[in-house]
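So that the names make sense, note that chain A is the first sequence line, chain B the second, and so on, each numbered from 1.
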Amino acid sequence: MTVKRFTLAAAVAAVAGTTALGGFLTTAHAEDGIYVPLLTYRTGAFADSGTPIANGMSDYFALLNKRDGGINGVKLVVEECETGYKTDVGVECYERTKTKGAVVYNPYSTGITNAIIPKTNGDKIPVLSMGYGLTPAADGNVFPWVFNLPTTYWSQASVFVKYVGDQEGGLDKLKGKTIGLIHLDHPYGKEPIPTLEALAETHGFDFVTYPVPPKTMQDQRSTWEKIDSDEPDWLFMWGWGAMNPTAVKGAVDVDFPMDRFIGVWWSGNESDVRDAGKKATGYLAGDFHGVGDGWPVFDALREHVIGKDGSQTPESMVGETLYNRGLFNAVVVGEAIRTAMGKYGDRPITGEEMRWGLENIVLDKARLDALGLAGFTNPINVTCADHEGSHPVYLKKWDGDKWEKSTDWIEPMKDVVRPLIEEEAAKIAAERGLATNACSS
Amino acid sequence: MLYREAGQFKTNYVADQAIFPIRQDRIGMAIVLLFAWVIIPAFGTDYFLEIIMINFLFFSLAAIGLNILTGYTGLISLGTGGFMAVGAVASYKLAVIFPDLNIILVFLLSGLIAAAVGIVFGLPSLRIKGFYLAVATLAAQFFLDWLFLRFDWFTNSSTAIEGVPKTLFGFLVTGPDASPFAKYYVALGFVTVFALIAKNLVRSAIGRAWMAIRDMDIAAEIIGIRPLPTKLLAFAISAFYSGVAGSLMLFLFYDSAEPDLFDINLSFKVLFMVIIGGLGSILGSFMGAAFIVMIPILLTLAPDLLGLPISSDLAKHLEFMIFGALIIFFLIVEPNGLARLWQITKEKLRLWPFPY
Amino acid sequence: MDGTAFEFFSIASGFLGGLFVDPFIAFVDRPDKLIQIVSQGLSAGIMYSLVALGFVVIFKASGVFNFAQGIMVVFAGLTVVSLIEIGVPAIFAILLAIVVMGAMAVAIERVVLRPLVNQPGIILFMATIGLAFFLEGFGQTIFGADPKPVPIDALGIPDDKFRVLGDFFRKPVRIYQLDLTALIAGGLMVAAIILFLNRTKIGRALRAVADDNQAALSVGIPLPFIWVVVWTLSGLVAIFAGVMWGAQSQAGFSLAVIALKALPVLILGGFTSVPGAILGGIIIGVTEKLAEFYWRGVLGDGVEQWIGYVIALIILLFRPQGLFGEKIIERV
């Protein structure tokens, strides 16, 4: 019976311990510095994609701390909270870290972003969902605390259609063509559908969707049979995690022409295509930042951070698409903090000051050069109403073992996308009872 | 010495059949309620109320529901997550379609809708038993998952279902801007009332019929219990509890959620609570919910508090391992759950400090 | 007939047509596609059978509904892949993986099963879910959380496809060599398992335990040993399933959910029947793929997620013990 008594005592102690912890300890404020919590997922079904992003972000913050002693002399205090891509854990992370003076959240998960967005109005902490999350949140009038710079899914979808039109010899040639969308059957994967449906109507092409259930995303045989029998002229993909490599293999299996297969920027990591290798040559993917390690900032990273204590990055990961995306995300956060300091002084800033920083961030050519990132991305210019900031997307092509830039920056069809964004934002605002004039007040 | 019932005589049947026949239990219960209604909201931080307590409360409700089905009626179900999804989606739709509907009614009605769905998926239980039934209830889970994802009508064509802001007695109680304080009281109110109802249900003729079915359904049939209505009632009530828990989860915790959050893992989580807490025990449902909600949080915080320099991913892996090991450990030590451990402790307390 | 009635009629006839007419027209219209889909269903069915087989072997001998089977498949697959990655020749990698799975079986028997002997089924079931959690954390610690590509070249699995019947149809039917490999190797493995169960001493002991473990114990069959044997056996099946599933996409922890697809196979074929698992897998695989392809117009995409359960449930209403399950006799 002693084991049992011990067990009960342990269970009671554990519960009581958590109670005490939860009740009293979490109010502790972070030590001096700017507190940046990172909601990462180095575990779980999507770890493959989450790990390079997490490494890119924490490496750049480490670089700022080690090389420059923080931003304008104020140290960054970075803390990872592991979510495993689970929304409930993400919410727990958010609630636990927000009281420590968090300045910004980068959830990297549509589910967590959706769950956090409603809370931002009350908590006054901005959410930077870079190239993901809720597309209508680009309307700063309704979502003052959410930033999805530099561009959104809807902009990207219109860029893809533009590219297809270009290849077919003009947007008017799209009439009668079929464009398919293979997507994760999940709110994230369904994001581009409204835009593509609207464009299908204007340009007269047929639009067909091929949903892939998240649970069985590694078994896509039936989906590819459908595609094979429908024979769409072009195929777009909105995939994530293990769905991507499986889909690329599926396309190879049914002999789908690779140069007519375009992936979202989340389906364009090296690990997504490396497995299919040469057979995937010609596969295209959108992107909004550079790929590879040909920028001076990478030399600095190698000198100060990578391979040193505290960095989990293997050398082979440096310069990969998702690593660079994490890095770019951290650059934006750093620059927003710097911008905010320009107005409020060199001290740990608050969430509200951070919002001002993000709204007034200037990432023009000169600034990118100074950061050692010349030409890494298209210049970004956020305004209060437009939280996309930049808009263009470029396409890159898989040449068998690395990505190559295939097009120049393509401007999205703003005249189609922006009204859609405002319309959807207004609908959400009506449903949730949100104010729609954050920028005019 | 403290916990001794000697000298407490019952002079009528009503007193003999009270929920808490022993005075010390009544005092204990009063203290628990005092804690829950006064002390915790007075001293808890927002994080504690919102993340730990509200989670604990709606999971307790779901666990009570599953315990009615699995613990009292002996029908293993892996469809709890699906029924919670029904509750959540129904409450969202109701709140949007009828903006003037009282929030309490929204929750209760979504519970009823979940109950109706529960009855449909409970139908195979008449023919199928044991693990066959458990797997068959998975059909409910997968079908409902698919249904809410495939048909936009359920989510009003948006990416997520939302906890619409609603007021009760002039206070904002749901939605992102409601205070954790108000949300906590709503959850606590529901759990207090429905725990009491459940406790009385299982002590009544219905509860005895359930237990007879559980212990041997053929024998139960022979003594005059009709298996189909009894089993379906268990499914309905269980789904009702799960449905209400699901809508509380959406309105009081997530505020905005994708329907696929209510997936198979949620079903397992609730089943864990029931088994770790104790099959066939209302108290056990609470203990199991407390255990399963708090252990992961404790394990996440542990490396930080102990000052262990391990990376966040390794910590997560260790958390999985420890969680799995703990489950096995608890099952080995006491397969009847924490409620049974508590009972043993009470037995010992009766004799303390002079055991035989 | 007024407008609404007509509308209703046209929707209803569209629905019924989509359900009962259109698919059959499509069968005749594109026979190549039908062959393609059926062959695909067959190969998917074999894969389900392999996972289901792991469940059955354990359930038969110990009454444990082993929920950790899915994670064991991943674990086994990753063991092979990781060993090859660090330079171990494929054949040794597989042998080593067998040893690992055997060691795991011993550990599970000692730590989990033995202390829980004679507990009701649901407790053992829960224990295996605990085991699944443990293995997921443990596996990610060892192998890392990233999925790994299966080195099919090193394992000698062909990765090309045959195009057949191209002269008869608009498009040739594709037969994947990967599927053929799975079919042949899977068939051999099932044959070996059936031989092992029926023709060897251990196999007979195993069946005795499945029939009545009290009686088996009393004639001197060591139960713990039998448990180790069945867990090793299901580990063996897991290695094969892990490698083959992994070869289709990647070997990683998200594969574990695919094990859930084997559950309708179990209720269809019966928890205790080896032929049931094979036949059930094929039935579920083929109907699932047919439904997903031909009935998507009326039911929507993604039907394959649950249609297997519905098929299984319908059959269960007529045969509550599954296709091959033992007849349940109840006494009061």
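- For a residue to count as touching a neighbouring chain, one of its non-hydrogen atoms must lie under 4.5 Å from one of that chain's; by this rule A:Ile117 does not touch chain B.
- For the pair B:Arg150 and A:Asp185, the minimum side-chain heavy-atom distance is below 4.5 Å.
- For B:Lys316 (side chain) and A:Tyr41 (main-chain N/O), no donor-acceptor pair under 3.5 Å exists by modelled atom type.
- Residues B:Tyr47 and A:Glu92 bring a donor and an acceptor atom of their side chains to less than 3.5 Å of each other.
- Interface residue A:Thr110: backbone and side-chain heavy atoms are both found under 4.5 Å from chain B.
- A salt bridge links B:Lys269 to A:Asp88: at least one charged side-chain nitrogen sits closer than 4.0 Å to a carboxylate oxygen.
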From CA spacing to verdict: side-chain contact (heavy atoms from CB on, under 4.5 Å), B:Ile52, A:Glu95: CA-CA 11 Å; B:Ile52 298 182; A:Glu95 293 289 337; over 6 Å; no

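- The backbone N or O of A:Asn114 lies less than 3.5 Å from a partner atom in the side chain of B:Ser256, making a donor-acceptor pair.
- For the atom pair CD of A:Glu82 and OG1 of B:Thr300, the computed distance is 10.0 Å after rounding to the nearest 0.5 Å.
- Among all heavy-atom pairs drawn from B:Glu258 and A:Gly111, the shortest one is OE2-CA, 2.6 Å.
- For B:Arg340, the salt bridge (Lys or Arg N to Asp or Glu O under 4.0 Å) test picks out no residue, with sequence neighbours left out.
- Remark: B:Asp255 pairs with A:Lys119, B:Lys183 by the salt bridge (Lys or Arg N to Asp or Glu O under 4.0 Å) rule, at least two apart or across chains.
- Contacts between A:Asp123 and chain B at a heavy-atom distance below 4.5 Å are absent for every atom of the residue.
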